[in-house]
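Chain letters run A, B, ... following the sequence lines, proteins first and then strands; every chain starts at 1. Any value given below was found using the heavy atoms of this structure, including those in side chains, with hydrogens, waters and symmetry copies removed.
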Amino acid sequence: MSKINPAFNKELEKFGSVNYNACYNCGNCTAVCSLSTEDDSFPREMVRLSVLGLEDDIRSSLKPWECYYCGECSTHCPQEANPGELMMSLRRYLTAHYDWTGLSGLMYKSLTLSIIAFVATFAAVIAFAVSVGFELEKMLHFGHMFEGIAIGTIGFTILLPNIARMWYYTILKPKTKVTFMKYVKSIGELFIHMFTQKRALGCDDNQFRWFEHFILVIGYLSLLFTTVVLNWFGTSSLFVIVLGYIMSAIVFVVTIDFVKGRMKAKKEVSKHSQPSDIFFVVWLFLMGLTAFMVRLFIDLDILESNKWLYIFHLTVLVQWALIIVPFGKWTHFLYRSFAMYFAKLKAD
Amino acid sequence: MEKKPKRIGVYVCHCGGNISDYVDVEKVRRSVEGEDAEIVVLAKTTMFACSDANQREMVEDIKANNLDSVIVSSCSPKLHMLTFRNVSVRADLNKFTYVHANIREQASWAHSDDKNGATEKAIHLVKAAIAKARYAEPLETNKIRAVKTVAVIGAGVAGMKAAISLAQKNTDVILIEKEPFVGGRVAQWDSLSTTTETGKEMVKRLYNELLKYDNITIMTNSEVIENKGSVGNISLKIKKTPRFINATACHPDDLKRAIEVCPVEVPDDFNFRLNSRKAIYKNYPSEYPQIPVIDVKNCTRCGECEKVCKAIDFNEKEEIFEIVAGSVLMATGFDSYTPAYGEFGYATSENVITLPQFKRLIDTQFDKLIYKGKEIKTIAYIYCVGSRQTDGENTYCSRNCCTSTIHAALTAKNKFKNITNYHFNRGLRTYGKQEILYADSLRSGDIYFQSYEDGLPKVSVEGAKTIVKVNDVLTNNREIEVEADLVVLVTGMVPRSDNSIGTLFKLPKGRDKFYNEVHMKLRPVETVIDGITIAGACQGPKNITESVNSALSAATKSYTILSRGELETDPLVATIDPEKCSWCGACEEACPFDAILKVENGKKVIAEINNTVCKGCGMCAPVCDPDAVNLIACSSREIMSMIDALV
Amino acid sequence: MEVEKGKTAKYLREKLGGIPEQAKENLKQFNGIKKIMVDALKEQDLTVKQMSEKINMPTDEVMFYLMSLVKYGIVVTGEIDDMDEYYTYKLNK
Amino acid sequence: MENPIRNIAYDALVIGAGIAGGETALNLANTGYKVLLVDRELSVGGKMIMLSKVFPTLDCAACITTPKVSEISRHPNITIFTGSEVSKIRKVSDNEFVALVTKQPRYVHIEDCTACQLCEKACPVNVRDQYQFGLIGRKAAFIPFSICSPKAAAIDIDNCTLCGACEKVCPTNCIDFTMEVETMELHVKTIVVATGFNLFNAEKMPRYGFGKYKNVITAQQMERELAPTRPFNTILRPGDGKVPDKIAYVLCVGSRDASIGNPVCSQICCMYSIKQAQLLMGSLPMADVTIYYINIRSFGKGFEEFYQQAKGMGVNFVKGKIGRISEKENGNLILRYEDINEGKLQEAEHDMVILSTGVLPNTGIDKLFENQKLQLDQFSFIGQSDMLASPAKTSIEGVFVAGTATGPMDIPDSILSAGSASSEAISYLIQHP
Amino acid sequence: MGELNKKSAKILVFSTEKISDPAIDMAGLLKLHYPPTVYTISIPCSSGIKPSWILYAYEKGFDGVFIAADGSDCIYGESCTEKTGNLVSKTHNLMKEKNIDPARLRMAAICSVCSESFVKQVRGFNEYLLKTLHA
């Protein structure tokens with residue numbers, strides 16, 4: 001017995017859903033989706049659950065994470081009900097829901113709040129710079145320290161609890177029985193998806209998009225590794241320096257293409273971009289570019305006279321680490337991978 | 001007596017496989033060609049007997065072979081008997097020499113399971129037709145003068161439109177309405193889909209147009225009680241019930257007061273019994289004709305109204321009018337299905353009403369939707385109540401209710417605040433451009449659930465709440481429960497429960513019990529009774545546009561029948577053999593039309609047939625002991641020779 | 001202009017200054033295919049599939065030309081195979 | 001040579017000689033008016049004359065159209081121009097329109113042709129037959145189809161090689177290549193537009209593979225396969241001549257689909273598909289027929305019963321719109337859909353797929369009217385100026401509309417709307433003598 | 001024909017042009033099968049059947065005669081039912097006189113859409129006739 005909640009669509013609209021109420025349940029979206037299978041049929045099921053506002057079912061579902069938004073469903077929807085965008089907004093809704101702090105939801109729903117957060121972090125960085133008297137060495141040192149501490153803190157206090165919450169909603173609460181051995185055996189799934197996004201290959205819109213995405217993930221993770229572990233800005237190892245250059249270049253070059261797409265909004269996937277989507281790609285671009293420039297300025301030995309560049313880089317970095325990673329679109333990267341893992345656990 | 005043998009031509013139709021797939025048409029052809037070679041001088045098969053090419057060929061054959069009579073063995077005579085009679089006429093044969101054999105509906109289709117049997121039967125049927133053709137003689141048709149007047153029965157939109165259209169064609173119209181007011185169902189609706197005009201405004205517009213034509217006589221509160229004669233000359237007796245109000249002496253304010261003082265309260269049928277009205281009443285202020293009426297059945301004659309209004313006159317008497325019309329156009333409309341006691345909580349739950357009631361409710365409420373003192377926020381609509389029944393008689397789809405419901409739901413949503421609509425349907429049927437309305441409704445947030453006939457929604461009452469449960473096809477058959485303030489049963493269209501007019505005119509009904517046309521595509525507004533056309537929803541569920549289209553079609557047909565001022569009728573009447581007859585009066589007694597006269601022919605008193613009155617039913621034939629009566633074309637010798645051929 | 005009845009095609013040919021290239025090409029192609037198909041059927045009765053393999057032409061095109069030849073009475077439909085799936089076609093003798 | 005311009009006057013001009021136009025012409029002619037009936041095809045009868053049988057009675061379409069057609073063609077008050085188009089219409093006064101009609105040369109004198117088919121036999125050309133929707137060939141000298149009217153040969157000049165073979169064999173010398181385009185200026189008092197509809201071009205939905213996969217055909221083509229004068233003389237799939245035994249109907253191809261620009265329901269596809277399914281079950285008793293639908297719209301008189309009858313006969317009805325079709329090596333087709341009843345994505349293999357394509361407006365009619373505007377509705381069908389009370393009236397006084405020119409309609413409704421247009425036209429003629 | 005006789009009895013049906021004939025036609029349309037040795041002669045009204053015709057049919061070899069009567073739907077008036085009843089009882093008497101089983105004449109009202117009822121009637125009649133006549 002299910003009680004329905006028609007008011008749910010108002011809630012979902014705040015997460016960016018468009019017109020999904022128009023659905024007349026023909027199933028065309030499911031049928032054109034190349035990722036949909038007999039055992040895993042979507043997006044119509046999610047559209048229907050959203051129309052009826054069956055929140056428990058939505059929260060326990062992993063299907064929103066199984067969609068990589070090629071946009072075919074929306075292109076061919078006879079009612080122009082935008083199932084693809086609904087899946088996107090469900091991902092935002094779920095992100096907000098998994099987040100114990102509640103900040104994700106607030107920022108998705110309110111652009112003002114997001115801007116305030118960005119301004120506040122910017123102010124904090126400036127304040128810090130003032131406190132150290134704009135001393136480059138100190139700032140560089142702090143920047144490196146910050147990266148490590150932020151990863152650890154955000155990871156343990158926000159991301160990990162949120163993943164646990166996701167696990168609770170999707171596995172524990174629906175009373176799915178999973179043996180410990182299965183947890184162990186299936187763990188490979190998590191890493192494969194995290195690093196390759198293998199599933200997106202199934203999207204038949206274009207393989208190039210997957211490739212770009214793949215390169216970007218590899219580039220981003222390697223850049224993270226290069227800066228945090230190998231201390232790119234501080235190192236003198238030529239190998240590390242060149243590696244950092246390559247990785248940061250990959251990040252900003254690939255993101256340029258993504259940003260262009262968002263701006264043109266021609267393809268289905270980018271027709272209904274939300275601020276959070278734009279922040280994500282723009283900040284990623286800025287991260288890559290400023291990191292590249294910082295190291296370049298270090299190598300050219302002109303960073304000292306261009307401290308503002310590093311302050312800018314640090315601001316981007318701090319905003320990325322404190323806003324976008326824990327409460328923004330970055331989490332999708334994590335949730336998707338875990339969704340694949342959990343799906344594997346649920347299978348059979 | 002025997003003249004030279006007739007020359008008969010026989011055509012056996014393939015009907016493009018409809019016949020030839022089951023009946024060996026070539027065998028049929030051979031068997032008639034062989035055995036009756038003397039008289040069957042020509043026997044052919046043809047792909048489509050009714051095609052233009054074959055018709056041309058028939059005309060040539062008749063002339064070239066000097067045929068006296070042709071037989072086409074094809075589909076039911078109801079379809080193409082007239083077609084081939086006309087072919088005979090074009091070849092200068094008398095149309096009554098033509099004989100038709102039905103080897104499709106009564107052979108190939110009926111026995112598609114037995115090809116040999118079907119072929120054998122077809123051979124016999126064709127032989128029987130040959131036997132009949134042997135005696136088929138040229139006959140003169142009776143000519144009658146047609147009265148250029150059409151009686152239109154029912155003054156809903158269909159009847160009103162038909163009347164206007166006929167009047168425009170210089171035809172006299174008598175528009176007869178049983179109710180005291182015109183407008184029918186459309187007058188009951190305010191908002192209509194596809195237009196900004198309300199139903200009442202539309203009725204007003206049509207009524208004002210009616211008044212423009214001198215050749216239209218409007219008779220409200222009137223009923224046809226007798227019907228005599230036939231096409232071209234139909235006499236009708238009309239009973240007009242008085243309004244008991246003298247229209248000329250009527251002052252509107254006085255009448256208003258008269259209504260106020262009337263102590264009688266009866267359920268208001270105009271508002272589908274949602275409220276009550278007085279015994280002297282008008283359904284709505286701008287209703288036509290603009291004179292109230294006293295409902296005699298419920299009036300107690302207390303005299304209160306007379307005290308305040310001079311116009312009231314209880315001395316008015318019922319009047320009987322006799323009119324003559326050339327054709328009758330039926331536009332008697334439909335009833336809304338009344339759910340059975342307890343059907344989806346009808347009559348057992350106080351929050352359950354029907355769609356027409358709901359539409360009246362929205363029209364009569366402002367700002368807030370209140371029903372039985374409670375504000376309504378969530379509404380559940382249950383579709384197909386009384387339509388598409390699997391365990392009831394109404395197996396048909398009522399065509400209109402999906403669109404009508406969605407329109408009502410959207411109207412409620414726009415008129416009142418915070419309305420939530422739940423639609424429990426069995427597959428939406430917003431055909432054509434009406435689909436846009438469905439899309440609009442979805443976009444506005446209305447929620448649809450679907451079930452099949454084996455899982456209809458269930459309505460139950462829990463405290464003040466009415467609960468609707470359904471296994472929703474659209475959500476993997478999951479059981480869904482909805483709380484509703486009001487449940488609206490989407491009742492379909494059913495034939496008028498009072499069918500006295502249909503009985504009076506002997507109108508045949510179809511499987512769905514609505515009046516039946518001769519043929520849905522060939523003669524869609526004509527009935528088997530010559531001169532009687534049907535229009536609007538008395539023929540089956542229709543929306544306003546469709547009703548008006550059929551009304552104008554029927555008007556065209558009635559006009560075509562009468563426009564020439566003269567009509568031909570079949571001369572297939574009874575005949576008396578003066579040798580055998582010695583007047584006993586049995587035939588006179590049997591005749592339902594007073595067509596038998598007692599005459600003296602010089603030698604003795606015998607019976608004689610009045611050809612213009614006789615309708616050729618043959619009731620006089622079996623009662624004649626000396627066997628002096630026969631029907632032309634159905635005489636004993638024809639029937640017996642057909643029996644010979646069929647054995 | 002008076003043109004003798006029964007010889008009006010010549011008139012139009014002259015007026016247009018020849019025959020449309022496309023029509024000529026189409027006729028040539030059809031005559032060629034007709035000959036190949038008739039020759040193939042002289043050897044044995046064939047289904048559409050078999051014909052396709054034999055004359056190296058896609059089955060749907062074989063279908064179109066073969067059915068046209070059936071319509072014109074050059075080829076007739078023969079037996080259906082054991083699986084009730086494919087008819088064979090043969091020359092009309 | 002200059003085109004001779006003929007000046008002729010009629011009471012009414014009916015544009016389009018399909019079932020609605022024909023019915024209108026008959027109604028007007030039967031009440032004594034002189035009617036000119038113009039159609040751009042070589043035969044009158046419109047789309048209906050090409051059908052096999054009609055729902056829900058399963059009468060053969062020919063049995064209903066041909067007698068009407070023959071009545072039309074024989075009526076002393078009706079003049080028919082086939083192969084002709086109205087190119088311009090100007091309203092000059094309350095009861096006068098001037099219409100320019102262009103008549104394409106048929107290269108055959110209709111009145112002399114006996115339809116002996118000798119020219120057809122003699123013609124060496126073979127091109128795709130438009131009246132069989134390309135399933136089979138025809139000659140360049142040809143009789144359009146067996147029940148066409150006027151029943152006379154025509155020359156397809158674009159494909160003719162001007163060899164003169166047809167002329168040589170013609171026993172009545174009715175073939176005449178000297179014919180030219182004729183242009184006529186007509187004076188009429190009223191006009192009825194009955195220009196019908198177009199069917200959606202399924203090639204515009206590449207995901208269904210029509211045009212690419214040869215065993216995906218349209219319902220219009222299947223209609224020909226089922227008709228008495230059918231191209232293959234039995235039901236075969238056009239890809240390789242196999243007798244199909246697992247047939248699928250895909251509904252709402254080009255209807256109820258905003259993504260291709262037509263959100264309207266075509267209101268006839270459900271029923272004609274159910275009809276064809278019943279006919280297929282009759283002629284191929286071993287075959288499986290599945291209809292993939294969104295909602296079955298069996299709303300008319302006897303329609304629901306007809307739908308139930310099809311279910312009883314064993315036609316499968318599956319709720320779910322087909323998303324994609326792909327082809328297997330053997331020409332069979334894989335249909336991808338969500339079975340809504342199960343809520344699951346499914347794939348089904350069929351050996352023949354029929355696309356039930358929807359009804360689209362026949363565009364461009366409004367362009368004919370020169371000095372007054374013929375209003376269209378939001379879907380480009382002809383607008384009804386008073387849709388509820390006078391459905392046949394258009395934005396121009398004296399111009400009426402019948403049949404599917406105003407939107408999708410089944411045959412009974414088309415005939416009723418023709419009766420309605422006739423009524424308005426007769427009233428107009430009486431009121432504007 | 002001998003073969004057929006074993007399967008089905010020969011039945012002559014008197015139907016009426018406007019009421020029962022459409023029902024019999026519709027039985028064909030709906031492919032409701034009945035024995036092919038059921039033949040129909042259509043007349044305007046069932047109350048116009050002469051008993052002599054019925055007797056003639058038996059004489060010529062029909063096993064049974066079925067009157068598909070108009071019933072109350074008759075377009076010529078309500079007296080039809082009564083009159084048809086009268087002629088049937090008159091015929092029954094004549095049959096008894098001639099030693100013909102009166103059960104070989106049956107009558108039922110068949111309305112214009114009573115296809116199923118018609119088919120049921122003639123099938124039942126056929127079974128009865130086969131049992132009694134060809135046992």
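Proximity to chain D is limited to the side chain of C:Lys15, based on heavy atoms less than 4.5 angstrom apart. Looking at D:Lys214, only its side chain comes within 4.5 Å of chain C, counting heavy atoms on both sides. Heavy atoms closer than 4.5 Å to chain C are found in both the backbone and the side chain of D:Ile136. For C:Asp81, no part lies under 4.5 angstrom from a heavy atom of chain D. The part of D:Cys163 that comes within reach of chain C is its backbone (N, CA, C, O), which places non-hydrogen atoms under 4.5 angstrom from that chain. If you measure heavy-atom distances from C:Glu85 to chain D, the contacts under 4.5 Å come from both the backbone and the side chain. Neither the backbone nor the side chain of C:Leu66 has a heavy atom closer than 4.5 Å to any heavy atom of chain D. Contacts between C:Leu27 and chain D at a heavy-atom distance below 4.5 Å involve the side chain alone, from C-beta outward. Within the 4.5 angstrom heavy-atom criterion, no atom of C:Leu69 approaches chain D. For D:Asp351, no part sits under 4.5 Å from any heavy atom of chain C, backbone or side chain.
Here C:Lys7 is the residue among C:Gln29, C:Glu61, C:Lys7 with the most heavy-atom pairs under 4.5 Å with chain D. In terms of heavy-atom pairs under 4.5 Å with chain C, the best-connected choice from D:Leu135, D:Asn159, D:Asn173 is D:Asn173. Highest contact tally toward chain C, considering only D:Val125, D:Asn126, D:Thr161, is held by D:Asn126 [criterion: heavy-atom pairs under 4.5 Å]. Among the candidates D:Val243, D:Asp240, D:Asp245, the residue making the largest number of heavy-atom pairs closer than 4.5 Å to chain C is D:Asp240. Considering only heavy-atom pairs separated by less than 4.5 Å from chain C, the leading option among D:Cys174, D:Gly134, D:Pro238, D:Gly164 is D:Pro238. If you tally non-hydrogen atom pairs under 4.5 Å between each of C:Lys71, C:Met83, C:Lys24, C:Lys34 and chain D, the highest count goes to C:Lys71. Most heavy-atom pairs under 4.5 Å with chain C: of the set D:Glu120, D:Lys121, D:Lys139, D:Arg138, this distinction falls to D:Lys139.
To the nearest 0.5 angstrom, D:Glu85 atom CD is 9.5 Å from D:Glu41 atom CD. With rounding to the nearest 0.5 angstrom, the CG atom of D:Leu42 is 7.0 Å from the CD atom of D:Gln130. Interatomic distance, CD1 of D:Ile334 versus CD1 of D:Ile322, reported as 11.5 Å (0.5 Å rounding). For the atom pair CD1 (C:Ile74) and CG (C:Leu41), the distance works out to 11.0 Å, reported to the nearest 0.5 Å. Taking CE from C:Met63 and OG1 from C:Thr59, the interatomic distance works out to 9.5 Å, rounded to the nearest 0.5 Å. Between the OH atom in D:Tyr249 and the CG atom in D:Asn316 there is a gap of 13.0 Å [rounded to 0.5 Å].
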TODO: Apply side-chain contact (heavy atoms from CB on, under 4.5 Å) to the pair C:Tyr89 and C:Met67, showing each step before the final yes or no.
DONE: CA-CA 10 Å; C:Tyr89 297 89; C:Met67 288 301 134; 3.1 Å; yes

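A donor-acceptor pair under 3.5 Å is absent between the side-chain atoms of D:Arg230 and the main chain of D:Ile235, judged by distance alone. In this structure a side-chain-to-backbone donor-acceptor pair under 3.5 Å is missing from C:Ser52 to C:Val48.
Donor-acceptor pairing under 3.5 Å is lacking for the side chains of D:Thr357 and D:Gln220. Side-chain contact annotation: D:Ser52 with D:Glu223, donor-acceptor N/O pair under 3.5 Å present.
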